[in-house]
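Accompanying notes for the structure given below.
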Amino acid sequence: MASQDPVQILRERFAAAMRDAFGDALPADADPLISPSRQPELGDYQSNAAMPLAKALGRNPRQIAQELAARLDLSGVAEPVSEKNIAGPGFINVRLSTDALARLLDGLEDHDLGVERPARAQTVVVDLCGVNLAKQMHVGHLRATVIGDALARTNARLGHTVHRQNHLGDWGLPIAMVTDAVMDGVRNGTIDLNALRLSDLERIYRAAQRACDADEKGLDAVKRYGLGPKALAELEEQVAGANERMARAKATLLNLQRHEPETVAVWRRIAQITLDECLAICRRLQANVAEEHTAGESTYAEELAGVVADLESRGVASVSDGALVIDLKDVGIAEPLLIRKSDGGFLYATTDLAGIRRRVQKLGADRVIYAVDARQSLHFRQAFAGAKKAGYARRPDGSDAALIHAAFGTILGEDNRPFKTRSGDNVKLSDLLDEAVARAEAAIAERSPELPAEQRRINAEAIGIAAIKYADLSSDRAKDYVFNFDRMLAFEGDTGPYLLYALVRIRSILRKAAEQGLTPADGAARAALRIGAKEEKDLALTLLRYPGTLQSVADSCEPHRLTNFLHDLAGAFAVFFRECPVLQAETPEMRASRLRLCALTGRVLEDGLGVLGIPTVDRM
RNA sequence: GCCCCGGUAGCUCAGUCUGGAUAGAGCAGCGGUCUUCUAAACCGCAGGUCGCAGGUUCGACUCCUGCCCGGGGCGCCA
C-alpha cells in the first residue's frame with residue numbers, strides 16, 4: 001500500500017531527483033526537507049533541500065534548486081515544478097494536483113486513516129499511573145496516568161504490542177508501618193478490615209509514619225541546651241516510642257517477606273482497597289489502567305537478592321562505604337547508583353533494575369517508556385545506565401532496548417507553587433474530577449438548557465474529563481503548568497470543549513443528512529471528492545497530516561503534538577463549516593463531496609481523541 | 001559547588017529535535033458576523049529587544065560558549 005502522506009511521497013520523489021542529479025556527490029545525510037508550506041499562496045508543500053545541499057557541494061543554491069526541479073518527477077502527485085516555483089534562496093514550492101489530493105483522501109478513508117502497519121511491530125512497555133499503597137490518588141498521579149495512557153494508546157494505534165505496567169508502590173518499610181498499624185487496630189478492635197476505606201488508610205498511614213519518626217534532633221537539642229527535665233522526659237518518651245514502632249514495622253516487613261499468613265492477609269486487604277479505588281478513578285478518567293496492568297514493587301521482592309548477587313558476582317557493582325553501588329562515571333554520570341544499603345536492605349533502584357530486566361527479558365520490550373515525574377530524571381538516567389551496563393536491557397539481537405523517561409513537569413496552582421489545598425495537602429484527584437464535572441454541568445445548564453437532565457449529566461462528565469485531559473496533554477509535557485479550571489473549561493479557546501464542539505457539529509450534519517437519506521457512502525458507490533474551495537483544500541491538507549502526526553507522537557513521546565494537530569483540524573473544519581454549506585450545497589455532487597469531507601474529518605477527530613483517551617459527546 | 005528542565009505578545013502557550021521566506025495560536029482589549037447545517041463558532045484590528053552577550057553561518061527563536069533569572073535534583077527515603 002502506498003503512503004497517503006504527501007510528505008512521504010514527496011520525500012521519495014525528491015530523494016530520487018537528488019540521487020539522479022548529484023549521484024555519488026550526494027552527501028549521505030542529504031534530506032529532501034519536505035514540509036507543509038509556510039506560504040500557502042505559493043504552494044502546498046515546500047522542499048528546503050537546495051540550501052544545505054548547496055553548502056555541502058559548495059555551489060549556488062538557486063542553481064541546485066533548478067537542477068533538482070529539472071529532474072523531479074511529480075507525475076500523479078503534484079503540478080510540475082519550474083523556475084517560477086523556486087523562491088528566495090532556493091525554496092522549491094509544490095502544489096498538489098487536484099485529482100491527487102482527492103485520491104490521497106480516498107486512500108486515507110480506505111486505509112485506516114493512512115496509518116500503515118509497521119514493518120516490524122515492536123513491543124512497547126509503558127510504566128504509568130504509579131500509585132502508592134494506602135494513599136489516595138492526587139494531582140501528581142494525573143499526569144502519570146493520562147500521559148502514560150495516551151502514549152500506550154498511540155503505540156497500540158500504530159500497530160505495536162503494548163504492555164501497561166502500573167508500578168504500584170506496595171512494598172518496603174513505609175508499607176510495613178501502615179500494615180503494622182492496621183494489624184494493631186484490628187487486634188484492639190478499632191479497625192474493621194471489611195469496613196476499612198482508603199481515606200481511613202491514608203489517615204492511618206500518616207499517623208504511622210509520624211509515630212515511627214523519632215525526633216532525635218529535638219532530643220539532642222534539649223540535651224545540648226539544657227531545656228529542662230520536662231522537655232527532656234517528653235522527648236525521651238517520644239524517641240523511645242518511635243523506636244519501638246519502627247522496630248515493630250521492621251518486624252512486620254520481615255513477616256511480609258517470609259509470607260507470614262496473617263500479616264500477608266492484612267497487607268493484601270490494604271492493597272485491594274487501594275487498587276479498587278485507583279482503578280475506579282482510572283475508569284472515570286477514561287484511562288485504560290486495569291487490574292491486569294498491576295505490577296507492584298512486591299512482585300519484584302523475590303528477585304532483588306538475585307539481581308544484587310548477579311551484579312556483584314559479575315563485577316558490575318562494587319562495595320563503597322558499605323553500600324553496593326554501580327559506578328557510572330564511565331558513562332558520564334557522576335553519581336553512582338546505589339542498589340544495596342550498608343544494612344543489607346534494597347532500594348528502589350534495585351527494584352527498577354529488576355523491572356527493566358523483566359520488561360526487556362520476559363515481556364520482550366523493544367522500548368520501555370516511563371511516564372514519571374521529571375524530578376526522577378537523575379534516578380532514571382542512573383537506572384537506565386546501570387541496567388545497560390548489567391546487560392538487562394539487551395535484546396535478542398544484541399542491541400539494547402530503548403529506555404525512555406517521558407518526564408513531565410509539576411502541576412502548579414495559581415500562585416505558581418505546586419498545586420495544593422488551602423491547608424497545604426495534596427489535592428485529591430477525585431475532588432479535582434468532581435469539580436471539573438460540576439463546573440461543566442453549570443456551563444451546560446446555562447448553555448444548553450434544552451437538553452434533558454440525564455443528557456446534561458452525561459455530557460458534564462465527558463466534557464469535564466475531556467477538559468482536564470486536554471489541558472494536561474496539550475502543553476509540552478516537560479514543562480510545569482498552572483492548573484486553571486476557568487481556562488480549561490472555557491467556552492472559547494484552545495480547549496477540550498473546542499474539539500468536542502467541532503465533532504458535535506459534524507455529527508449533527510451527518511444526523512441531518514441521514515434523516516434526508518443521505519450517507520457518505522463507502523467504496524465504489526461513493527461520490528467523488530471535489531476539492532475546490534480554499535476552505536475545502538485547507539481541511540483536506542490538514543487531514544493528510546494525521547498519520548505523520550501520530551508517528552511523531554510515538555517517536556517523541558509527546559502527546560501535545562497530537563492535540564496541536566487536532567486543534568488545527570477543528571479550526572480548519574470551523575472555517576470550512578462557516579464558508580461551505582454542506583446540506584445546502586449548490587449541487588448534489590458538491591453536497592455529496594462535502595458530506596464525505598465532514599465524515600472523514602469526524603473520523604480523524606474521533607480517532608485522534610480516542611488515541612488521547614479523551615471522551616466525546618453527540619450534542620452540546 | 002555540580003547536573004537536569006524551563007525563560008517567546010499584558011496573561012497562558014505552540015514553534016527549537018532536523019537552522020530557511022514577513023515568529024504563530026488561545027485568553028484579555030477594540031470592532032464586525034446568526035431569516036441558512038449548533039455563535040462553546042468565525043472574521044478583522046491592535047499587541048514581540050524570542051532572558052542577556054558573544055560565536056558559527058549566505059541565513060539563528062532554532063546550533064555552540066559564557067552569563068542572568070525561575071524550578072528541580074545530587075550515596076544508603078521512595
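Just so you know, these numbers come straight off a predicted model, no measurement behind them.
Where A:D31 and A:R578 meet RNA chain B, the nucleotide closest to each residue was compared, and A:D31 sits on the side nearer the 5' end. In terms of position along RNA chain B, the nucleotide closest to A:D476 lies nearer the 5' end than the nucleotide closest to the other residue of the pair A:D476 and A:E41.
Lacking a ring centre under 5.5 Å from that of the base six-membered ring together with a plane angle below 30°, A:F577 does not count as stacked on B:A41.
The CZ atom of A:R619 sits 10 Å away from the P atom of B:U38 (whole-angstrom rounding). Atom CG in A:D480 sits roughly 12 Å away from atom C1' in B:G7 (whole-Å rounding). The separation between A:R545 atom CZ and B:G15 atom P is 12 Å, rounded to whole Å. A straight line from OH of A:Y470 to P of B:G26 spans 12 Å, rounded to a whole angstrom. At whole-Å resolution of the value, NZ in A:K534 and C1' in B:C42 are 13 Å apart. At whole-Å resolution of the value, NE2 in A:H567 and P in B:A41 are 9 Å apart. Atom CD in A:E579 sits about 16 Å away from atom P in B:U36, given to the nearest Å. The distance from atom CD of A:E414 to atom C1' of B:U12 is 10 Å, rounded to the nearest whole Å.
Minimum atom distance to the side chain of A:K55 is reached by B:G19, of the listed B:A41, B:U22, B:G19. Listed nucleotides B:U38, B:U36, B:G71 differ in distance to A:Q584; the shortest reach to its side chain belongs to B:U36. Ranking B:A21, B:A14, B:C43 by closeness to the A:S475 side chain, first place goes to B:A14. Nearest to the side-chain atoms of A:N93 among the listed nucleotides B:A41, B:A21, B:A39 stands B:A21. When the nucleotides B:C42, B:U38, B:A21 are ranked by their closest atom to the side chain of A:A574, B:C42 comes out on top. In this structure, the nucleotide among B:A39, B:A28, B:U57 sitting nearest to the side chain of A:R505 is B:A39. With B:U18, B:C5, B:A21 as the choices, the nucleotide that has an atom nearest any side-chain atom of A:A87 turns out to be B:A21.
Under a 4.0 Å N-O distance rule, the pair A:R62/A:E83 qualifies as a salt bridge. For A:K534 and A:E41, the salt-bridge test fails: no basic side-chain N is under 4.0 Å from an acidic carboxylate O. Salt bridge A:K512/A:E515: absent, no basic N to carboxylate O contact under 4.0 Å.
Across all strands shown, the partner of B:C42 is B:G32, judged by Watson-Crick or G-U wobble contacts whose two distances both fall under 3.5 Å. Pair assignment for B:G20: B:C58, on the basis of Watson-Crick or G-U wobble contacts that are both within less than 3.5 Å. Nucleotide B:G75 has no partner under the Watson-Crick or G-U criteria, as no pair reaches both atom distances under 3.5 Å. Across all strands shown, the partner of B:U12 is B:A25, judged by Watson-Crick or G-U wobble contacts whose two distances both fall under 3.5 Å. As the counterpart of B:C67, B:G51 is assigned, both hydrogen-bonding distances of the Watson-Crick or G-U wobble pattern falling under 3.5 Å.
Ring orientation note: the planes of A:F419 and A:F483 are close to parallel, at an angle under 30° on the 30°/60° scale.
Going from the C1' atom of B:G51 to that of B:C45 covers 29 Å, rounded to whole Å. Remark: the separation of the C1' atoms in B:G7 and B:C43 is 33 Å, to the nearest Å. To the nearest whole angstrom, the two C1' atoms, one in B:C63 and one in B:G24, are 22 Å apart. As rounded to the nearest Å, B:C17 and B:A28 have C1' atoms that lie 33 Å from one another. If you take atom C1' in B:U12 and the same atom in B:A53, they sit 29 Å apart, rounded to whole Å. Here, B:G6 and B:C52 have their C1' atoms 16 Å apart, quoted to the whole Å. Comparing the C1' positions of B:G70 and B:U8 gives an interatomic distance of 16 Å, to the nearest angstrom. Remark: the separation of the P atoms in B:G29 and B:G15 is 27 Å, to the nearest Å.
In this structure, B:G47 shows a glycosidic angle more than 90 degrees from zero, which is the anti conformation. Taking the syn range as angles within 90° of 0, the glycosidic angle of B:C34 is syn.
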Annotated protein contacts, base or backbone, on nucleotides 72-78 of chain B with a non-hydrogen cut-off under 4.0 Å, one of B, S, - each: SSSBBSB

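With no hydrogens or angles considered, no side-chain donor-acceptor pair links A:R456 and A:S448 at under 3.5 Å.
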Is there any protein nitrogen or oxygen under 3.5 Å from a nitrogen or oxygen in nucleotides 8-11 of chain B, and what are the pairs?
none

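Within the 6.0 Å centre-distance limit, the rings of A:H567 and A:Y498 are counted as a close aromatic pair.
Cation-pi geometry between A:R505 and A:F577 is met: under 6.0 angstrom from the ring centre, within 45 degrees of the axis.
Within a 6.0 Å radius of NZ in A:K250, no more than 12 heavy atoms belonging to other residues, nucleotides or ligands are found. Annotation: A:E586, atom CD; neighbour count of heavy atoms from other residues, nucleotides and ligands within 6.0 Å does not exceed 12.
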Working for salt bridge (Lys or Arg N to Asp or Glu O under 4.0 Å), residues A:R439 and A:D486: CA-CA 9 Å; A:R439 284 172 181 247; A:D486 291 330; 2.9 Å; yes

Let me have the donor-acceptor pairs involving side chains of residues 341-354 of chain A, under 3.5 Å, with sequence neighbours excluded, atom names and distances please.
| unit_1 | atom_1 | unit_2 | atom_2 | d |
| --- | --- | --- | --- | --- |
| A:D343 | OD1 | A:G345 | N | 2.8 |
| A:Y348 | OH | A:H379 | ND1 | 3.4 |
| A:T350 | OG1 | A:I339 | O | 2.7 |
| A:T350 | OG1 | A:L347 | N | 2.9 |
| A:T350 | OG1 | A:L347 | O | 3.0 |
| A:D352 | OD2 | A:H379 | NE2 | 2.6 |

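In this structure, A:D44 CG and A:L541 CG are separated by 5.0 Å, a value rounded to the nearest 0.5 Å.
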